[in-house]
Amino acid sequence: MARSEARIAVSIWTDADFLALSPTAQRMFMFLLSQPDLAHDGVLALRERRWTKTAKELTRANVEDDLAELRAARFVVVDEDTEEVLIRSFIRRDKVYRQPNVLRAACDHLAVVSSRTILDAIAGELRRVLAADDIAEVSAAIVRDMIETIRKGSPNPSGNPSPKGSPNPSSDPPQSDDDANTHSDGDDVSAGVKGSGNPSGNPSPNPSGNPSAGTPGERGTVTAVRRASPFPVPRSSDPGPRPQSSTGGPRGWSDGDRRRVLDEGAPPPTRCSQHRDTHNPPNCGACADVRKAREQWDRDQAAGNARAQSERARQHAEAVRAAIDACRTCDEHGQVDGRMCLHDPDMTDRARRGAAAAAAAIRRSGGDR
């Protein structure tokens with residue numbers, strides 16, 4: 001039965017890791033949480049092409065970029081080989097473990113999860129669930145069965161008759177407790193436990209083995225030269241050909257236009273060279289070609305700016321996480337006693353020494369009087 005609602009904690013808007021995401025990545029995370037086919041174990045099918053229909057001008061490249069950002073920030077685990085996505089902390093954050101019947105449904109769904117990477121990530125989350133203070137013994141027993149099922153690679157996690165043809169999740173060895181990487185224990189949505197850099201717990205930082213976003217030339221940040229395009233552009237949703245002259249650029253460009261656009265990076269003109277200064281130009285095929293080239297250039301600039309913003313947000317999130325991981329003072333949220341940590345281990349000692357020096361100075365000044 002498809003879900004009719006989704007649970008999103010209001011504390012998500014005070015979580016530093018979530019706030020470090022770009023707006024579109026935040027939207028993608030809530031989009032995944034509210035999908036009707038999201039199973040109780042947090043797994044859903046990877047349907048990038050279908051998801052582009054859920055917003056105006058949303059492209060597959062946009063979806064891939066947002067998933068890559070969520071993946072880098074460790075909110076999701078993506079396996080492109082099996083076309084599956086895991087919202088990694090779903091069982092724990094959605095309190096699935098507090099409802100034994102729902103937890104059994106999550107257990108049953110493990111039989112149809114094909115990705116070993118995702119199964120290992122689920123096992124890591126389940127180990128953290130066992131440490132929860134509010135887990136009942138009946139749920140704890142189901143969780144232990146689920147962990148053992150994943151470890152053995154059984155095709156029937158719950159012990160109930162499985163559907164005909166249910167696949168075997170895997171027979172690979174499990175990850176260890178130390179390697180399990182999950183969201184933190186607080187109420188907020190978090191990017192992961194302190195010191196962890198791999199959502200699945202596997203040695204490789206890239207679960208599926210496919211190129212990840214963030215490096216020029218890799219998936220999500222490819223810059224390509226279209227055969228019919230007058231200039232290098234990021235991948236765009238418009239695959240249609242555009243007329244070109246034999247010397248580069250669309251029909252209607254002058255030599256000066258080609259030099260300014262192709263060599264100097266200036267914006268393309270909006271009319272052909274013959275009608276550029278005409279107040280009311282006639283219908284002109286060359287003007288139409290030039291206008292289409294300019295419209296494509298504008299789209300490519302907007303797409304490039306969006307990718308750059310997403311990359312800056314990803315780098316910022318990684319820098320924040322690295323600072324938290326390296327700090328000996330704060331918790332996994334980057335906080336000390338409810339306040340944001342400055343990641344300065346000597347700050348407390350300096351403050352103590354400064355207070356002592358100030359008190360001594362006051363005492364001396366009082367003695368002089």
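All values below were derived from every heavy atom in this structure, side-chain atoms included, with hydrogens, water molecules and symmetry-related copies excluded.
Listed by chain and number, the residues in a side-chain hydrogen bond (donor to acceptor under 3.5 Å, both in side chains) with Arg27 are Thr54 (sequence neighbours excluded). Shown here are the side-chain hydrogen bond (donor to acceptor under 3.5 Å, both in side chains) partners of Gln35, two or more places apart in sequence or in another chain: there are none. Considering only residues two or more places apart in sequence or on other chains, Arg47 meets the side-chain hydrogen bond (donor to acceptor under 3.5 Å, both in side chains) condition with Asp37.
Proximity of Asp66 to Phe31: side-chain heavy atoms (C-beta onward) are nowhere separated by under 4.5 Å. Side-chain contact between Pro267 and Arg294 is present, with heavy atoms from C-beta onward closer than 4.5 Å. Residues Thr59 and Glu48 form no side-chain contact, since every pair of their non-hydrogen atoms from C-beta on lies 4.5 Å or further apart. A 4.5 Å side-chain heavy-atom check between Ile91 and Val143 finds every atom pair outside the cut-off.
Summarising the geometry of Ile12 relative to Leu19, their closest heavy-atom pair is O-CD2, 4.5 Å, with the distance given to 0.1 Å. Contact between Ala45 and Trp51 at its shortest, heavy atoms only, is O-CZ2, 3.3 Å. Closest of all the heavy-atom pairs between Asn62 and Glu57 is OD1-O, 3.7 Å. Contact between Pro269 and Val290 at its shortest, heavy atoms only, is O-CG1, 3.2 Å. The shortest heavy-atom contact between Ala121 and Val77 is CB-CG2, 4.1 Å.
Here the CD1-CG distance, from Ile324 to Asp331, works out to 8.0 Å after rounding to the nearest 0.5 Å. Remark: Arg92 CZ to Leu126 CG distance equals 10.5 Å, nearest 0.5 Å. Note that CG of Leu130 and OH of Tyr97 are 11.0 Å apart. Values are rounded to the nearest 0.5 Å. Between atom CD1 of residue Ile147 and atom CG of residue Leu119 there is a gap of 12.5 Å, rounded to the nearest 0.5 Å. Distance CZ/Arg259 to OG/Ser254: 8.0 Å, rounded to 0.5 Å.
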Evaluate the salt bridge (charged side-chain N to carboxylate O under 4.0 Å, His left out) criterion for residues Glu125 and Arg93: first the C-alpha distance (whole Å), next the side-chain angles of each, then the deciding distance (0.1 Å), finally the verdict.
CA-CA 10 Å; Glu125 281 293 308; Arg93 297 292 175 191; over 6 Å; no
Would Glu295 and Lys292 count as a salt bridge (charged side-chain N to carboxylate O under 4.0 Å, His left out) if you check the C-alpha gap in whole Å, the side-chain angles of each, and the deciding distance to 0.1 Å?
CA-CA 5 Å; Glu295 291 171 351; Lys292 291 177 182 178; over 6 Å; no
Given the rule in the side chain to side chain contact (heavy atoms under 4.5 Å, CB included) test, do His40 and His109 qualify, once you have shown the distances and angles that lead to the verdict?
CA-CA 8 Å; His40 293 297; His109 190 262; over 6 Å; no
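Checking side-chain atoms of Ser22 against main-chain N and O of Ala25 turns up a donor-acceptor pair under 3.5 Å. Of the possible polar contacts, none joining the Asp94 side chain to the Val96 backbone as a donor-acceptor pair under 3.5 Å is found. For the pair Arg271 (side chain) and Thr278 (backbone), a donor-acceptor distance under 3.5 Å is present.
Salt bridge Arg314/Glu318: present, at least one basic N to carboxylate O contact under 4.0 Å. No salt bridge links Arg104 with Asp108; every basic N to acidic carboxylate O contact stays at or beyond 4.0 Å. Salt-bridge annotation for Arg60 and Glu64: present, with a side-chain N of the basic residue lying under 4.0 Å from a carboxylate O of the acidic one. A salt bridge links Asp255 and Arg258; the closest N-O separation between the charged side-chain nitrogens and carboxylate oxygens is under 4.0 Å.
Side-chain atoms of Thr117 and Asp120 form no donor-acceptor pair, as typed in the model, at a separation below 3.5 Å. Side chain to side chain, Arg299 and Gln296 meet the donor-acceptor criterion of an N or O pair below 3.5 Å.
In this structure, Val138 is not a member of the same hydrophobic cluster as Met146, with clusters built from ILVMFWY side-chain heavy atoms closer than 4.5 Å.
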